[in-house]
Amino acid sequence: MISNNSITNLQGLLLAIYRGGNDESTMGPDLMFTDNRIAECNSGTNEILFSLYGVQKSLFKNNRFFNCNNGKTLIQYEDVVRAFHLLKNNLLIGSGSIRKNDFVSIENR
């Protein structure tokens, strides 16, 4: 859980989670990223600001992103088994895109 933070002018990858494997012994992790203010953050030479590989469930809720990774990828979701991610009540101004592969379902509310 990452909650109630203010991050400004970070250069580089902000968050990377990698879970390899695809059987029951490697289920999880779950991520909650809520009520954060992220401003003027850029991944630099990296394309992605948030890299989530193998995260089974995530909730990005009530976050505010201002000028973060514009023209690049803000959040990259990847998996080799089914995963579910919820984006709820986030504000993205001048910020990058959200990408996923075919195993990932994203619901925006």
Side-chain angles (χ1 to χ4, degrees):
M1 177 184 292
I2 300 170
S3 188
N4 297 309
N5 294 286
S6 180
I7 301 171
T8 304
N9 293 323
L10 177 89
Q11 297 299 306
L13 192 62
L14 194 144
L15 176 66
I17 298 175
Y18 177 86
R19 179 206 42 96
N22 57 9
D23 61 25
E24 292 80 16
S25 68
T26 60
M27 294 304 289
D30 296 348
L31 170 66
M32 291 181 63
F33 192 86
T34 60
D35 301 302
N36 298 292
R37 182 185 188 282
I38 313 299
E40 307 296 333
C41 294
N42 193 308
S43 62
T45 59
N46 191 350
E47 171 68 20
I48 303 163
L49 197 61
F50 291 83
S51 176
L52 306 177
Y53 184 94
V55 175
Q56 295 298 289
K57 295 180 189 174
S58 74
L59 171 64
F60 275 74
K61 180 180 174 186
N62 297 334
N63 299 292
R64 296 175 314 278
F65 297 94
F66 301 100
N67 302 317
C68 292
N69 235 31
N70 195 6
K72 298 180 185 176
T73 302
L74 182 67
I75 304 170
Q76 170 72 48
Y77 296 97
E78 287 187 88
D79 212 320
V80 293
V81 295
R82 269 195 345 215
F84 180 76
H85 304 281
L86 177 61
L87 301 167
K88 186 174 181 182
N89 198 35
N90 295 289
L91 177 65
L92 282 72
I93 296 177
S95 295
S97 63
I98 296 171
R99 295 187 351 198
K100 68 177 190 73
N101 68 4
D102 293 338
F103 288 101
V104 177
S105 297
I106 296 176
E107 183 176 328
N108 284 302
R109 291 187 192 172

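As the structure is a prediction and not an experimental result, all values here were calculated from the model. In this chain, residues are counted from 1 in sequence order. The figures that follow rest on heavy atoms only: side chains count, while hydrogens, waters and symmetry mates do not.
With sequence neighbours excluded, the residues forming a side chain to side chain contact (heavy atoms under 4.5 Å, CB included) with Ile17 are Leu15, Pro29, Leu31, Leu52, Val55, listed by chain and number. Residues satisfying the side chain to side chain donor-acceptor pair (under 3.5 Å) test with Gln76, not counting sequence neighbours, are Arg99. Applying the side chain to side chain contact (heavy atoms under 4.5 Å, CB included) rule to Asn42 yields the partners Gln11, Asn69, Lys72; only residues at least two apart in sequence or on another chain are considered. Applying the side chain to side chain donor-acceptor pair (under 3.5 Å) criterion to Ser95, with sequence neighbours excluded, gives no partner residue. For Asn101, there are no side chain to side chain donor-acceptor pair (under 3.5 Å) partners at least two apart in sequence or on another chain. By the side chain to side chain donor-acceptor pair (under 3.5 Å) test, Asn67 is found to be paired with Glu40, residues two or more places apart in sequence or in another chain being considered.
By the rule that hydrophobic residues join a cluster once side-chain heavy atoms approach within less than 4.5 Å of another member, Ile98 and Ile48 end up as members of separate clusters. Hydrophobic cluster membership differs between Phe60 and Leu13, with clusters built from Ile, Leu, Val, Met, Phe, Trp and Tyr side chains linked at under 4.5 angstrom. Under the 4.5 Å side-chain heavy-atom criterion for grouping Ile, Leu, Val, Met, Phe, Trp and Tyr, Ile75 is connected to Leu10 within one hydrophobic cluster.
Here CG of Asn36 is found 9.0 Å from OG of Ser6. Values are rounded to the nearest 0.5 Å. Considering CG of Asn63 and CZ of Arg37, their distance stands at 12.0 Å, rounded to 0.5 Å. Rounding to the nearest 0.5 Å gives a distance of 5.0 Å between CG of Leu59 and CG of Leu86. The structure places CD1 of Ile2 at 5.5 Å from CZ of Phe33, a figure rounded to the nearest 0.5 Å. The distance from atom SG of Cys41 to atom CZ of Phe66, rounded to the nearest 0.5 Å, is 12.0 Å. Interatomic distance, CG of Asn5 versus OG of Ser3, reported as 7.0 Å (0.5 Å rounding).
Scanning all heavy atoms of the two residues, the minimum distance from His85 to Ala83 falls at NE2-CB, 3.7 Å. Between Gln56 and Asp30, the closest heavy-atom pair is CB-OD1, 4.2 Å.
Each of Leu49, Ile93, Leu91, Leu74 was scored for a side chain to side chain contact (heavy atoms under 4.5 Å, CB included) with Phe65, with one residue passing: Leu74.
Ion pair Arg19/Asp79 flagged as a salt bridge, since at least one NZ, NE, NH1 or NH2 atom sits closer than 4.0 Å to an Asp/Glu carboxylate oxygen.
Remark: Lys100 NZ is packed, more than 12 non-hydrogen atoms of other residues, nucleotides or ligands lying under 6.0 Å away.
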